[in-house]
Amino acid sequence: MDSRIQSYLRLAASGQRETEQIGSFLATFNRWNVNPFLNYAIPDNNATPTLNEVNALIHAYQKRGRKPRLEYITKLAPAVEEILISAGFVVEERLPLMTCTPPLEKFLTVPEGIELLMPVSDAQILATVTVQNEAYGESSPSHEDAQRLRTSIAAGTIAVLACVMATGESVGAGICSVPLNQTTEIAGIGVIPSFRRRGVAGALTTRLVQEAFNTGVTVAFLMAAHEAEERIYTRAGFSRIGEILHISLPYK
């Protein structure tokens with residue numbers, strides 16, 4: 001399962017970003033956004049990189065104005081962390097890696113007064129990006145950000161938007177990335193602060209997984225940011241199978 005997910009992450013990154021193989025690292029670069037979570041490297045399975053390879057990786061990110069950073073399943077490349085730390089990298093966090101497989105046995109109830117919809121119109125797609133940015137404390141999205149989501153949806157991404165029935169206010173959203181090899185990642189689930197702890201995130205997760213399974217997906221995975229999220233995803237039918245390491249070189 002770990003290898004399947006890591007393979008998915010490599011394929012998905014290669015389809016969405018510029019990539020460069022640097023020694024035993026697949027480096028990925030987002031052309032439009034310097035956000036570190038959209039620019040990171042993944043080591044090969046069982047990689048044993050040299051310090052020269054790590055320095056080349058650092059240079060590749062810095063020359064593009066990106067923070068040198070990696071995200072990967074630790075047990076697939078156990079020797080990598082030590083060499084990165086020796087080169088000055090610092091562990092950001094270790095996130096629970098969780099999976100869900102069909103049939104979906106748990107259906108979390110949509111909170112009263114909230115409706116979930118799959119964005120189709122320009123206004124709904126913009127609302128999806130806007131509410132995600134608000135939930136994660138980012139600036140308002142541009143027209144290009146919304147267009148990229150529309151293009152991604154056309155390619156197979158599944159998006160779900162949570163709105164207040166009475167007013168139409170957007171309060172949360174999330175996506176399933178484009179399925180590859182019957183695998184998808186649940187990502188970007190965000191709820192605005194005033195609507196948190198009401199069950200919106202769990203309902204979004206359930207709907208996304210259900211829609212993914214309806215397309216033939218057999219493994220949905222995600223990374224929980226903290227214990228509260230892990231509890232939500234557990235209630236939605238996910239189980240922890242390992243961890244994802246986030247590690248980066250601090251800015252000087």
Side-chain angles (χ1 to χ4, degrees), residues 1-99 136 138 148 152 177-188 219-227 229-230 239-252:
M1 182 67 77
D2 297 295
S3 295
R4 177 175 176 174
I5 292 171
Q6 192 93 296
S7 175
Y8 174 90
L9 291 171
R10 292 192 186 98
L11 287 171
S14 298
Q16 300 167 3
R17 308 174 194 150
E18 293 180 353
T19 63
E20 181 180 350
Q21 188 70 36
I22 302 172
S24 54
F25 299 104
L26 175 68
T28 76
F29 310 97
N30 187 291
R31 287 174 286 176
W32 304 285
N33 197 326
V34 300
N35 187 325
F37 291 94
L38 301 177
N39 298 269
Y40 57 84
I42 303 170
D44 295 342
N45 290 0
N46 299 311
T48 54
T50 65
L51 188 56
N52 284 340
E53 289 178 6
V54 174
N55 287 333
L57 185 72
I58 293 170
H59 176 71
Y61 279 88
Q62 290 181 337
K63 76 177 182 180
R64 291 174 171 85
R66 268 62 175 164
K67 184 178 186 178
R69 189 171 180 278
L70 295 92
E71 295 185 8
Y72 65 97
I73 299 173
T74 50
K75 63 184 174 184
L76 293 179
V80 171
E81 184 178 344
E82 183 177 354
I83 187 68
L84 291 175
I85 289 176
S86 72
F89 282 72
V90 173
V91 172
E92 296 176 350
E93 54 191 346
R94 302 178 192 274
L95 301 180
L97 175 62
M98 307 181 74
T99 61
Y136 285 98
E138 299 180 5
R148 280 192 283 273
S152 184
S177 54
V178 178
L180 298 168
N181 298 331
Q182 298 180 301
T183 306
T184 190
E185 179 181 8
I186 309 295
V219 174
F221 72 92
L222 55 76
M223 303 160 212
H226 44 70
E227 289 184 6
E229 282 194 3
E230 186 174 1
S239 300
R240 182 171 183 165
I241 66 163
E243 71 172 20
I244 294 275
L245 175 65
H246 289 189
I247 186 169
S248 62
L249 187 68
Y251 290 116
K252 294 182 179 180

Should L84 and V54 be marked as a side chain to side chain contact (heavy atoms under 4.5 Å, CB included) after you check the CA-CA gap, both sets of side-chain angles, and the distance that decides it? CA-CA 7 Å; L84 291 175; V54 174; 4.1 Å; yes
Under a 4.5 Å cut-off applied to non-hydrogen side-chain atoms, are [X] and [Y] in contact?
X    : Y    : value
N45  : D2   : no
L95  : E71  : no
R4   : Q182 : yes
E93  : M223 : no
E229 : L222 : no
I247 : V80  : no

Apply ring-ring contact (aromatic ring centres under 6.0 Å, His included) to Y61 and Y40, showing your working. CA-CA 9 Å; Y61 279 88; Y40 57 84; 8.8 Å; no
Got a donor-acceptor contact below 3.5 angstrom from the [X] side chain to the [Y] backbone?
X   : Y   : value
N39 : N30 : yes
Q21 : F25 : yes
S14 : R10 : yes

Hey, what do you get for [atom1] ([X]) to [atom2] ([Y]), rounding to the nearest 0.5 Å?
X    : Y   : atom1 : atom2 : result
L180 : L11 : CG    : CG    : 6.0 Å
E243 : M98 : CD    : CE    : 14.0 Å
R31  : E18 : CZ    : CD    : 5.5 Å
I58  : K67 : CD1   : NZ    : 12.5 Å
H246 : L70 : NE2   : CG    : 10.5 Å
L57  : F89 : CG    : CZ    : 5.5 Å

For a quick test of reading the model, state the closest non-hydrogen atom pair linking [X] to [Y] and the distance between them.
X   : Y    : value
R17 : F29  : CB-O, 3.1 Å
A13 : T19  : O-CG2, 4.0 Å
S3  : L76  : OG-CD2, 3.7 Å
V90 : P250 : CG2-CG, 3.6 Å
P43 : Q6   : O-NE2, 4.4 Å
V34 : G65  : CG1-O, 4.2 Å

From the list V219, V178, L9, I5, side chain to side chain contact (heavy atoms under 4.5 Å, CB included) partner of E185 resolves to L9
Only counting residues at least two apart or in another chain, list the ones meeting ring-ring contact (aromatic ring centres under 6.0 Å, His included) with Y8. F221
Is NZ or CZ of R69 both nearer than 6.0 Å to the six-membered ring centre of F37 and within 45° of the ring axis? yes
Please check if atom CG in N181 has more than 12 non-hydrogen atoms from other residues, nucleotides or ligands closer than 6.0 Å. no
Worked check of side chain to side chain donor-acceptor pair (under 3.5 Å) between E53 and S24: CA-CA 8 Å; E53 289 178 6; S24 54; 3.0 Å; yes
